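Reviewing the structure listed below.
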2 protein chains.
Amino acid sequence: MSATIYDVAREAGVSMATVSRVMNDTAVVKEETKKRVLDAIAKLSYRPNAVARGLASKRTKTIGVIVPDVSAAFMAELVRGIEDIANMYHYHIILCNSDGQLDRERDLVGTMWEKQVDGLLFMSPKLRQEHIDTFEEAQLPIVLCRTDDPEKRIPSVNINNKQAAIDVVDYLAAKGCKSIAFVGAKAGLKSLTDERRAGFLQATERNAITSQLIDVPSETYSGALKFLKDALQTSPVRAIVAANDELAIAAEHVAQDLKLRIPEDVMIVGFDNTKLTEMSRPPLTTVAQSMYDYGAVAMRFLTKLLSDEPISTYTVVLPHQILERESTAPKFVK
Amino acid sequence: MSATIYDVAREAGVSMATVSRVMNDTAVVKEETKKRVLDAIAKLSYRPNAVARGLASKRTKTIGVIVPDVSAAFMAELVRGIEDIANMYHYHIILCNSDGQLDRERDLVGTMWEKQVDGLLFMSPKLRQEHIDTFEEAQLPIVLCRTDDPEKRIPSVNINNKQAAIDVVDYLAAKGCKSIAFVGAKAGLKSLTDERRAGFLQATERNAITSQLIDVPSETYSGALKFLKDALQTSPVRAIVAANDELAIAAEHVAQDLKLRIPEDVMIVGFDNTKLTEMSRPPLTTVAQSMYDYGAVAMRFLTKLLSDEPISTYTVVLPHQILERESTAPKFVK
DNA sequence: CTGTTAGCGCATTCAT
DNA sequence: ATGAATGCGCTAACAG
């Protein structure tokens with residue numbers, strides 16, 4: 001398994017160029033010599049050295065994936081989507097965690113350049129001008145995934161978070177909710193949450209619904225419990241829209257601790273449709289977006305950029321839908 | 001950002017060798033010329049081409065990570081652990097999913113060789129002889145992570161799953177449980193589960209506890225519900241030990257549907273201490289092992305192998321502990 | 001302390 | 001249809 005192209009050439013009695021040709025199918029080779037080459041490859045268990053190949057061809061067949069944190073609930077599924085499609089197109093991925101820190105993100109883009117990745121899939125809680133500058137420097141094909149670029153300067157794959165939040169409020173309004181709270185990280189930290197909050201505020205106002213904002217320092221289960229409890233104790237609401245599923249489950253538990261019935265006393269809606277949603281009690285109504293598809297579509301988008309396939313739009317908007325479960329719809333007793 | 005080492009050399013008025021030396025700190029360079037080189041690097045925004053470097057040095061500073069599925073509950077945390085330590089030692093990771101299929105796994109090891117990774121972190125539900133053969137062919141430094149090699153042929157990091165299960169049974173026995181069920185994938189599919197089941201059986205016998213095995217086709221929440229329900233309806237038990245947290249939560253829900261109180265009527269214990277455990281109701285007692293540490297330790301182990309640091313043992317066994325939560329311990333009413 | 005030289009293993013002209 | 005030659009950008013002897 002460590003023969004070189006020269007060894008194969010010698011074994012087959014041809015030149016290395018011919019070996020390269022049959023491997024890459026880059027020119028017509030006589031059927032008979034092709035067979036000889038293939039036999040030699042098999043006999044020597046030859047495997048082409050991708051690094052040498054990358055240096056010579058200037059294409060490494062690897063793409064860089066920069067995420068805030070793989071261990072976040074939905075991120076793993078998203079990465080799986082990326083990986084599957086990457087594989088389908090014979091790419092491999094180098095995965096990096098940035099923790100959403102600008103310095104680290106910029107550094108990683110540079111490192112990815114060093115690694116000569118063919119393209120980049122980039123995720124970040126909030127896109128800044130510095131990001132754009134860094135991308136420009138790096139001169140790499142880049143697709144943003146699940147990170148909003150308000151000015152649409154970079155190709156991206158997203159859902160319409162604002163509209164999704166509007167849909168949720170309308171859905172709750174149709175159920176008769178007159179006061180709804182939104183729980184999420186405070187404004188300015190996460191674009192996603194900001195978008196969702198904006199939709200929430202717009203729709204509550206339009207529906208003449210009393211709205212309340214519950215800001216939490218970090219969008220995690222344990223970090224949110226206290227803030228939810230304080231908020232729900234002081235001013236009870238009829239429904240809670242959470243910026244993500246983890247917060248929604250925290251809301252469920254706080255409500256239950258306060259002896260509120262879900263959904264009779266308070267309805268709860270999450271975002272993202274992570275696996276948590278069907279494993280919670282009651283199962284959580286949530287805004288579903290296939291995280292897997294998210295990654296898959298972004299990766300597919302990138303392969304198009306890399307092969308100069310025609311692109312219809314540089315701003316892909318994925319569909320979302322409200323998945324109704326028992327946290328907003330009473331279960332029928334059978 | 002696409003200057004070469006020659007450009008830097010010219011700019012600094014030195015030879016490329018000197019540039020290489022200051023970059024890699026591989027020989028003493030006069031302070032003044034070093035400064036000139038550094039200035040030139042900065043001026044040209046020079047970044048070394050890692051591919052060329054890899055070809056010349058035969059070390060790519062990247063390691064391959066082969067997992068069954070990143071999107072499995074605990075896997076993402078584990079990968080995060082790997083990535084953090086890899087970064088600390090200036091490595092990058094190429095991540096691949098095998099779905100635990102032998103053919104795919106073998107193929108991936110070959111691909112990793114092509115990519116000239118410096119080493120491999122390998123995870124699989126069940127290690128076979130074919131794996132060993134493949135590893136041998138590839139001639140790569142390999143560390144098994146969370147995958148048992150009964151014959152200790154390959155360096156590995158693991159926990160003692162059998163002992164952990166024994167500990168759990170002893171723990172439940174001390175609480176007076178006289179009949180305990182074990183739920184997990186049927187024998188022969190997953191080494192992890194097999195080990196845990198073996199410990200369960202040994203300890204129940206020693207403690208004269210009535211044991212019951214609940215086999216499920218796949219160790220997932222939804223896939224297990226039916227089997228759990230059937231089992232619990234026909235022969236009620238005092239406690240359930242699940243092969244992982246997801247199954248344990250399924251057990252909680254089935255028990256609750258059968259109007260059983262947890263832990264008063266039935267105690268439930270999971271495995272792995274995933275994030276699910278504290279987000280379930282009641283919070284789940286589980287066998288804790290830091291998934292992050294799992295990956296981190298395995299990666300650290302690999303760096304040792306790669307730098308020929310002395311190794312005390314080739315079979316690292318990580319500690320585990322029972323984390324008691326309310327699924328086995330009634331909550332005090334305050 | 002620094003420069004020159006020779007590869008690393010392949011893709012890719014340019015000939016033939 | 002095939003071979004010979006060149007270079008990708010760097011590391012690593014080997015000189016000096």
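Letters A, B, ... mirror the listed sequences (proteins, then strands); counts begin at 1. Remember, it's a predicted structure, so these values are computed and weren't measured experimentally.
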> Relative to the 5' end of DNA chain C, which residue comes earlier, B/V29 or A/A17, by the nucleotide with the nearest heavy atom?
Replying inline: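 Of the two residues, B/V29 wins.
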> Closest nucleotide of DNA chain C for B/G13 versus for A/R59: which of these residues is on the 5' side?
Replying inline: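 On the 5' side of the pair lies B/G13.
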Check whether any side-chain N or O of [X] sits under 4.0 Å from OP1 or OP2 of [N], and answer yes or no.
X: A/Y6; N: C/dA11; value: no
X: B/R53; N: D/dG9; value: no
X: A/S20; N: C/dA11; value: yes
X: A/T33; N: D/dT2; value: yes
X: B/T4; N: D/dG9; value: no
X: B/K34; N: C/dC1; value: no

> Is there a donor-acceptor contact under 3.5 Å linking the side chains of A/E105 and A/S124?
Replying inline: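 Yes, A/S124 and A/E105 have a side-chain donor paired with an acceptor closer than 3.5 Å.
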> Does the side chain of B/Q289 pick up a donor-acceptor pair with the side chain of B/D272 at under 3.5 Å?
Replying inline: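 Result is yes, a qualifying pair exists.
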Figure out the [atom1]/[atom2] separation between [X] and [N], and round it to whole Å.
X: A/R10; N: C/dC10; atom1: CZ; atom2: P; answer: 13 Å
X: B/K61; N: D/dC10; atom1: NZ; atom2: C1'; answer: 16 Å
X: A/D7; N: C/dG9; atom1: CG; atom2: C1'; answer: 11 Å
X: A/R47; N: C/dC10; atom1: CZ; atom2: C1'; answer: 17 Å
X: B/N49; N: D/dC10; atom1: CG; atom2: P; answer: 6 Å
X: A/E31; N: D/dA1; atom1: CD; atom2: P; answer: 11 Å
X: A/N24; N: C/dC10; atom1: CG; atom2: C1'; answer: 9 Å
X: B/E32; N: C/dT2; atom1: CD; atom2: P; answer: 8 Å

> What is the nucleic acid contact for A/V51, judged by heavy atoms within less than 4.0 Å: base, sugar-phosphate only, or nothing?
Replying inline: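 Result for A/V51 = nothing.
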Check every atom of [options] against the side chain of [X] and return the nucleotide holding the closest atom.
X: A/I5; options: C/dC10, D/dC10, C/dC1; answer: C/dC10
X: B/A56; options: C/dT12, C/dG9, D/dC10; answer: D/dC10
X: A/V28; options: D/dA1, C/dT2, D/dA4; answer: D/dA1
X: A/L55; options: C/dG3, C/dT2, C/dG9; answer: C/dG9
X: A/M16; options: C/dC10, D/dT2, C/dG3; answer: C/dC10
X: A/S15; options: D/dA4, C/dT4, C/dC10; answer: D/dA4
X: A/A52; options: D/dC8, D/dC10, C/dC10; answer: C/dC10

So does [X] pair up with [Y], basic N to acidic O under 4.0 Å?
X: A/E151; Y: A/R153; answer: yes
X: A/E11; Y: A/K43; answer: yes
X: B/E32; Y: B/R36; answer: yes
X: B/D293; Y: B/R300; answer: no

> If you take atom types as modelled and just measure distance, does the side chain of A/R21 reach the base of D/dG3 with a donor-acceptor pair under 3.5 Å?
Replying inline: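 Under the 3.5 Å cut-off, the side chain and the base do form a donor-acceptor pair.
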